[in-house]
Amino acid sequence: LKRAVRALRKSRPTCLARTRARAVRARAHVARARRGVVSAMADDEYAREQADEQFQAAMGSVRKHFDREEYEKALPLCTKALELRPGCDVARRSKIFALLNVSRWSDALQACDKFAGAEENFAFERAYCFYRLNKFQEALDALGKEGSDEEAEGRKQRLEAQIRYRMGDYSQCAGLYEKLYEEDSEDTGLLVNALASHVSGDEPRKAVALMADQEELLESNYELCFNLACACIDEGKLGEAQKHLEAAKEICISELMDAEEDGDADPAKLEDHEELAAILVQQGLLLQRRGGVEAREEANELYNRVLKQRPGKGREVDITVLAVACNNVVSLRTEGKSLFDSLKRINVASKESLEHKLTRKQTIEIAINKCLLLIQARKAEEARRELQKLSEAYPGNQRVAIVQAALAHREKKAKGAEEVLSAYLAEHPGSEEVLICLSQLHAQQNRHEKAAEALAQLSRKSRVQPTTVGSIVALHQRQKNPEKAVACLREAIEYWTGKDGGEEDEEMLAAVLRIAARLALQLKDKAFAAEAFQLYLEKVDGSDVEALCGLVQALASVDPERAEQYAQRLQVPDYGQFDAEELELGAVPKVTSNLPKRSAEGADADKAAQKAATKKKSKPRFPKGFDPANPGPPPDPERWLPKRERAEFKKKMRKRDKNLARGPQGAMVVDDNAFRKQGPSTAQIEVAKDGGAKPSRNQGRKAKGKK
């Protein structure tokens, strides 16, 4: 026990020493940990300072690139700035702005969705991305979440107007642009867009009314002149449209000359500038609407001039202008001409990439022309597929129904074509183009009464047009119903005399009065003819000698006193300078017959016949040494036949053939009668004597052939 206690006493200091050593080592570890934390804090502060410097440098570079419009170079710097400060709103907006300017709409939309939070939802940017991705309904939905402050409301309305235009809601789009222009009248671009919306929405009259008091702006803005010209073309005012197009061209050329760096540009060299391409195409359309061979050729030259333009440095004609030019070139060609080239051009104009760049009206017109070309090329199935697509995209369109009827008519299904047009009219009564097509179909089938009834359903404005009036009058004449023809003409005369328009209305009245005068002369209705000629002199042209002569002739049998009054206005030439005795002693002048003028084809035929009749007969040429006075014996009529076919040659051959059967002497008789037929042979006599002759196989059968 004592030894154990002594051992315990000896070991106690050793354990205490170890404990103290461990405590010292622990304190040393704590001190080192404290020094590490202090060092880490210093490192973090240094890193933050470095990150701030890098962020400021990146954003400074981004700002410089934005000022220089170098968005591709700014985009990676925006990404770097976001990595340095992920929550920075400026960096987020900078990246979205850069993505929008490099046309990366999907990436910009993803960034908007990623960065959207409680404070910022990027609603306007999202709506713009949807708009550029042709997702118009989603763009409108996103735009509804935009803020309601004054600045946000203005840009929201502008974007909504653009979206409505692409959706084909032209009336609401025009209303938005007009409202914006009232708030900011200095921005003429809003007025340009309002005009374009009215024209695209088939409301040209509203476009003309909108520009009624804007003469000063028309003198300085070529886009306004161009859009107003388009509205005048749709209204049928071709003269005014020509003036506005010429003014637009002059203003555009002057602006291009001012924009040139040297300032000494030649206007002739700017004729093929890409900014003038749309004006040239519209001038071609104007010539095409006027008609005539020369006008159509000039229009074709203008279209080809635009299509052959080569893009220069940064210069390229708008693809929509090229598509319209291709379509118009195809529509100029007659049926069946250059079908392969026409199909090639119309396929270029109807690409899917142009679907959202062309207006609804342009898209339908190009698609309709493509279907008509396929029908002409006898590709009925392909045309039927295109029509199905068109009817699904634009249900209830009258042009689709007309082309369906044309396809049935081409397949010689006149009844099917009539059913298609009648079914459409049952759903959409009063459709003028369908009524005109139905009238034409009835007229082709000699159902003139139904054709006239179809034209009578047109609106009064369409019914009094000169071409429509002429068609209705011709149909009534074929039915031998002149009373209705006169009534139709009186309605048209009353309509156009009540109009206080310009040159266009005057031309319409003149055309209707010419039709009325021609019909009155055919019907021998002198009173109606006098009325038509008098209105022409009072309303159209008082110095027209032909109309004055017609009026005098018509009144001569109805009202002689008035006829004498109007006859005094005729300027009879003065022959006082001629001497009667000199005329009597002079030679008799040649008097040409006053025959009625014939058509160009008849005149050409008469000239050809007269030329053939007056052609001199050439003297006959005789062989050398031939005397026509003593011709001698007539020539052999068989001189042109081969010798083997002549009669003399056949006689010689018969004599030669007699000796062909000769053999050795005494072998057979060589008398001349040996080869002659002496009568029936004994065999034939014996057979004839037999009474039991067998009947012929064909006995009792009827002879074939016609009776």
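Computed from heavy atoms alone, side chains included, the values below leave out hydrogens, waters and symmetry copies.
- Of the charged side-chain nitrogens involved, none lies within less than 4.0 Å of a carboxylate oxygen, so that K379 and E386 do not count as a salt-bridged pair.
- Across every non-hydrogen atom of C371 and V403, the tightest pair is CB-CG1, 3.8 Å.
- V400 has its side chain within reach of Q404: a pair of non-hydrogen atoms, C-beta onward, lies under 4.5 Å apart.
- The pair E381-R384 meets the salt-bridge criterion, with a side-chain N (NZ, NE, NH1 or NH2) lying under 4.0 Å from an Asp/Glu carboxylate O.
- By the 4.5 Å heavy-atom criterion applied to side chains, Q283 and E298 are not counted as neighbours.
- Put simply, the side chain of I402 reaches to within 4.5 Å of the side chain of V434, judged on heavy atoms.
- The shortest distance between side-chain heavy atoms of F136 and Q162 does not fall below 4.5 Å.
- Looking at I368 and L390, their side chains come closer than 4.5 Å, going by heavy atoms from C-beta outward.
- Counting heavy-atom neighbours within 6.0 Å of E392 CD, excluding the residue itself, gives a total above 12.
- The pair K450-E418 fails the salt-bridge criterion, with no side-chain N (NZ, NE, NH1 or NH2) lying under 4.0 Å from an Asp/Glu carboxylate O.
- Summarising the local packing, CD of E546 is surrounded by 12 or fewer heavy atoms from other residues, nucleotides or ligands at distances under 6.0 Å.
- Side-chain contact between T359 and V199 is absent, with no heavy-atom pair separated by less than 4.5 Å.
- A salt bridge between R164 and E160 is present, with a side-chain N of the basic residue lying under 4.0 Å from a carboxylate O of the acidic one.
- Contact of the E297 side chain with the L287 side chain is not registered, since no non-hydrogen atoms from C-beta on lie closer than 4.5 Å.
- With sequence neighbours left out, K135 forms a salt bridge (Lys or Arg N to Asp or Glu O under 4.0 Å) with no residue at all.
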